[in-house]
Amino acid sequence: MKPATATVDTPHPRSGPALALGGVEKLYRTDRVETVALSRIDLEIRHGSFVSVMGPSGSGKSTLLHILGLLDAPTSGTVTIGGTDAARLNDKARAQLRNRHIGFVFQQFHLVPDLSARDNVELPLLYRKGSSGERRRLAEKALERVGLAARMDHRPTQMSGGQQQRVAIARAIVGQPDIVLADEPTGNLDSAMGNEIMELLEGLNREDGTTIVMVTHDAALADRTDEVVRIFDGRRVS
């Protein structure tokens, strides 16, 4: 069947899950070996929930998050975002779905060092229609939301790790996504800064109704979320 070419500009229905995986498997093959990264993962994440994903290193947590965010495709199984079957979309429509409805936060921040905080936050909006003035307004609003109104013109090297992660969160939410996927967002921070980032994510979830999925090794942070999904050797064990 030819992938659908329809765009995905309309809001998602909120009757079903925000995210769903059905029988997802992910295999990596070389000439000599086949590695199973994920095996038959079934998962439903409700709209407005805060879910943490835990498991030992190499268990498949980040692979799971990348598939949920359409950054990677499963070898088999289904990925549904707000009722839309991602497999039925062509590459352009899949990218639209990701850009409009999913924000990403990574452990390593992934900020462009030569750009100001404002310009870093504007980056996801370059793939949408809109004027430069509108992009600037939305970027400044997102930076104010994360408490960096006074740091908009600073470059990443002029900010602490916690401030850089706040810029990364502002970039993730600048397009007002339904979903934020966070991969070890406190992993490079001390406990005090990590708690500040967690409080910020909790505020987005509680006040804005943003669905959040967070990979973490920190059991204390996971205990603060609505649900904990545990992955071991590529399989869901709880």
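Checked options V121, L204, V174; the residue passing with I169 is L204 (criterion: side-chain contact (heavy atoms from CB on, under 4.5 Å)).
Under the 3.5 Å distance criterion, the side-chain polar atoms of Q165 are matched with a main-chain donor or acceptor of F106. Not one N or O on the side chain of D233 forms a donor-acceptor pair closer than 3.5 Å with the backbone of S59. The backbone N or O of G55 sits less than 3.5 Å from a side-chain atom of K61, completing a donor-acceptor pair. Checking side-chain atoms of R98 against main-chain N and O of L70 turns up a donor-acceptor pair under 3.5 Å. Remark: side-chain polar atoms of N120 are paired, donor with acceptor, to backbone N or O of L115 under 3.5 angstrom. Checking side-chain atoms of T216 against main-chain N and O of D218 turns up a donor-acceptor pair under 3.5 Å. With R230 contributing its side chain and R236 its backbone, the two residues share no donor-acceptor pair below 3.5 Å. No donor-acceptor pair closer than 3.5 Å links the side chain of T80 to the backbone N or O of D85.
For the atom pair L19 CG and I81 CD1, the distance stands at 4.5 Å (nearest 0.5 Å). Considering CD of Q163 and CE of M193, their distance stands at 6.5 Å, rounded to 0.5 Å. The CZ atom of R224 sits 9.5 Å away from atom CG of L201, with the distance rounded to the nearest 0.5 Å. To the nearest 0.5 Å, atoms CG (L97) and CD1 (I102) are separated by 6.0 Å. With rounding to the nearest 0.5 Å, the separation of OG in S62 from CG in L64 is 9.0 Å.
Under the 4.0 Å criterion applied to side-chain N and carboxylate O atoms, R166 and E196 are assigned as salt-bridge partners. Between D72 and K26 there is a salt bridge, with a side-chain nitrogen of the basic residue lying less than 4.0 Å from a carboxylate oxygen of the acidic one. In this structure, D91 pairs ionically with R94, as a charged nitrogen and a carboxylate oxygen lie closer than 4.0 Å.
Closest approach of L111 and P156 over heavy atoms only: CB-CG, 3.8 Å.
With hydrogens and angles left out, the side-chain atoms of D183 and Q107 include no donor and acceptor closer than 3.5 Å.
The environment of E199 atom CD is dense: over 12 non-hydrogen atoms of other residues, nucleotides or ligands sit within 6.0 angstrom.
Here salt bridge (charged side-chain N to carboxylate O under 4.0 Å, His left out) pairs that include residues 139-150, with residues two or more places apart or in two chains, are R118-E140, R136-E140, R145-E207, R145-D208.
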